[in-house]
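Worksheet: one structure, shown below.
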Amino acid sequence: MNAIMKNKNRTNQMMKKTLLILISFTSLIACKTPETQKAMIEKESFGTTQDGRDVERYTLVNSGGMRVQILTYGGIITSLEVPNRAGKLQDVVLGYDQLSDYEKSSPYFGALIGRYGNRIANGKFSLEGTEYTLVQNNGNNHLHGGTKGFDKVVWTAEPLEQEDKVSLKLTYLSKDMEEGYPGNLSVEVLYTLTSENALEIHYLANTDKTTVVNLTQHSYFNLSGGKDILDHILQLNASGYLPVDETLIPTGIVADVTNTPFDFTQPKTIGRDIEKEDVQLKNGLGYDHCWVLNHPEIGMRTAAIVSHPTSGIQLEVQTDEPALQFYSGNFLDGSHPMKNSDGFYAKRAGFCLETQHYPNSPNEERFPSVVVQPEETYTSKTIFKFTNK
Ligand code: GLA
């Protein structure tokens with residue numbers, strides 16, 4: 001009798017459990033947020049360049065609705081929409097509405113930069129006994145790969161869809177002596193939007209002659225939607241930075257940030273010290289310097305965290321690069337038309353966090369090498385991860 005009762009009880013308990021599992025399963029389905037969607041990637045035309053090349057714009061969307069739009073022209077990120085504290089999508093990068101604006105005069109809005117991010121003094125360097133001359137497109141210096149750097153070429157695009165992420169693979173063959181650089185350089189940049197609201201950027205390059213490579217991404221961020229970025233709170237994991245001369249070429253020494261306006265080891269607003277009397281701030285017209293990131297031996301690590309108190313949006317930058325150029329948009333001068341608006345971007349409307357090797361490394365033996373040999377593969381990785389609080 002007892003055994004029968006026990007069995008009955010057990011059966012009852014099992015039925016209850018099954019019912020509970022069923023109820024929780026159905027309520028799970030019912031609670032699924034309407035915004036949850038399958039990650040996807042779409043393509044549309046973005047016009048034709050002045051010399052007749054077709055340009056496409058790809059839109060990558062993740063399961064939470066985060067959206068990034070990328071052009072085949074310059075690999076330019078034209079928009080990056082992330083959820084703010086109120087759960088609304090907010091575009092956090094500067095850019096133009098039209099291809100012609102990007103072609104005419106862009107301060108590298110959203111673009112891929114190569115072959116060399118930042119400056120090479122006097123546009124000259126020597127490699128294996130040969131002197132190479134590059135264009136001087138920034139005073140006497142060479143800047144961001146020249147007059148037609150990777151920001152102005154049309155890349156070949158291949159969309160890739162996986163279960164929980166979408167990618168856009170961009171490839172470009174930079175011919176031997178293009179913009180003065182030796183070697184046929186075959187470049188691949190993989191943009192991946194993950195379900196964790198991260199935009200990952202993987203760079204790969206191979207050469208058939210010894211050359212120098214330093215690739216980066218030049219997005220201008222503004223996490224508030226406001227007219228300038230001075231109230232953003234920034235932290236940089238860097239106890240050193242590279243002082244520069246008046247033409248923004250590093251002097252060659254690594255300076256300690258302690259007790260200088262360049263100390264972002266503890267979070268502070270970008271604006272707190274930017275107007276301080278300081279010869280380096282004068283040379284940069286604000287922040288336009290290369291910070292030497294702590295712990296290069298770790299590889300992938302957090303380089304920067306920046307957030308805005310009102311929107312609640314936080315951007316964390318991770319990289320395996322040794323350094324990061326923090327540029328506070330000092331050259332923006334009200335002449336660049338703002339997308340989706342009749343307005344113009346004001347001075348310091350956006351900031352850039354360009355993960356990279358040090359500027360002018362080809363001429364500085366003290367800096368980590370940027371030389372790539374034919375038997376090597378250049379790789380570099382950066383992640384822009386967004387959260388809100
Ligand atoms: C980089 C440089 C700046 C400036 C911008 C583009 O960040 O360091 O000096 O040239 O690009 O305007």
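Note that ligands are numbered from 1 as they come in the structure, with each ligand's atoms numbered from 1 the same way.
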Atoms in ligand 1 with a heavy atom of L143 nearer than 4.0 Å: 10 (O)

For this output row, return yes or no: ring centroids of Y220 and H336 closer than 6.0 angstrom. no

I need the nearest protein heavy-atom contact for atom 10 (O) of ligand 1: residue, atom name and distance, please. R119 NH2, 3.3 Å

Answer with side chain, backbone, both or neither: which part of Y287 has a heavy atom less than 4.0 angstrom from an atom of ligand 1? neither

Among all protein heavy atoms, pick the one closest to atom 7 (O) of ligand 1 and tell me residue, atom and distance. E354 OE2, 2.8 Å

Using a strict cut-off of 4.0 Å, indicate which atoms of ligand 1 neighbour a heavy atom of L248. 9 (O)

Hey, which atoms in ligand 1 end up nearer than 4.0 Å to a heavy atom of Y108? 6 (C)

I'd like to check which ligand 1 atoms, numbered from 1 as shown, lie under 4.0 Å from a non-hydrogen atom of H144. 1 (C), 2 (C), 11 (O)

Is the contact between N138 and ligand 1 made by the side chain, the backbone, both, or neither, using heavy atoms and a 4.0 Å cut-off? neither

Donor + acceptor pair across side chains of D288, Q325 (<3.5 Å): yes

Using a side-chain heavy atom cutoff under 4.5 Å and only I, L, V, M, F, W and Y, what cluster partners does M300 have? I383

Considering only heavy atoms of N118, which atoms of ligand 1 have at least one such atom less than 4.0 Å away? 2 (C), 8 (O)

Tell me whether E365 at atom CD has more than 12 heavy atoms from other residues, nucleotides or ligands lying less than 6.0 Å away. no

With a 4.0 Å cut-off on heavy atoms, does Y220 reach ligand 1? yes

Check T216, L215, I113 against F150 for a side-chain contact (heavy atoms from CB on, under 4.5 Å) and give me the one that passes. L215

Numbering as shown, the atoms of ligand 1 that approach F331 to under 4.0 Å (heavy-atom distance): 4 (C), 9 (O)

Could you state the interatomic distance from CZ (R67) to OG1 (T59), rounded to the nearest 0.5 Å? 5.5 Å

Q325 neighbourhood, listing ligand 1 atoms whose heavy-atom distance to it stays under 4.0 Å: 8 (O)

Does the ring center of F109 lie less than 6.0 Å from the ring center of Y345? yes

Flag the pair H142 / Y116 as yes when their ring centroid distance falls below 6.0 Å, and as no otherwise. no

Tell me, which protein residue and heavy-atom name are nearest atom 8 (O) of ligand 1, and how many Å apart are they? D288 OD1, 2.6 Å

Answer yes or no: are there more than 12 heavy-atom neighbours, outside Q50 itself, under 6.0 Å from its atom CD? no

